[in-house]
Amino acid sequence: MLAAVFLALLALTGLTVLVAGIDLGNLNLYVALGIAGVKASLVVLYFMHLRYDRPFLLVVFLGCLGFVVLFISLVLTDAAAYYPSVNRGEAPDMQKVHTPFGRTQP
C-alpha cells in the first residue's frame with residue numbers, strides 16, 4: 001500500500017510540473033493548490049496512519065485544515081487591498097502576472 005501511495009505521489013508531482021508549464025490564467029493557483037491538497041491528504045492518510053486511527057483524530061485534522069484554508073483565503077483577499085501601493089516601475093516582468101482575483105497589473 002505504501003509503495004502505491006509513493007507512486008501516486010510521484011505521479012502527482014509530475015502532474016504539478018506539467019501543469020506549471022501550462023498557462024491556465026487565473027486557474028494556475030487553484031490547480032496547484034488542488035494538486036497539493038491531494039498530495040497532502042495522501043501523506044496524512046497513509047504515511048501518518050490517520051486512515052487507520054481513531055475517527056476523532058480525523059475530525060481534529062479536518063478542523064485544523066479548515067482553519068488553514070480560512071487563513072489562506074483571508075490573506076489572499078487582503079492582497080487586493082495593497083494592490084494600489086505597488087511600485088509600478090520597479091518590476092516590469094510583474095506586469096504580466098495574474099492575481100487570484102483575475103486582475104493583472106497595468
To the nearest 0.5 Å, tell me how far [X] [atom1] sits from [Y] [atom2].
| X | Y | atom1 | atom2 | result |
| --- | --- | --- | --- | --- |
| L58 | L65 | CG | CG | 10.0 Å |
| L45 | F61 | CG | CZ | 7.0 Å |
| L33 | L29 | CG | CG | 4.5 Å |
| M48 | L57 | CE | CG | 10.0 Å |
| I35 | T13 | CD1 | OG1 | 9.5 Å |

Cluster check L7, V17: I/L/V/M/F/W/Y, side chain < 4.5 angstrom | no

Do V69 and V38 share a hydrophobic cluster (ILVMFWY, side-chain heavy atoms under 4.5 Å, transitive)?
-> no

Report the residues that fulfil side-chain contact (heavy atoms from CB on, under 4.5 Å) with L9, sequence neighbours left out, ordered by chain and then residue number.
-> V5, K39, L42, V43, F47

List in chain and number order the residues that pass side-chain contact (heavy atoms from CB on, under 4.5 Å) with I22, two or more places apart in sequence or in another chain; answer none if no residue qualifies.
-> L24

Linked hydrophobic residues, F56 as query - side chain contacts closer than 4.5 Å | V60

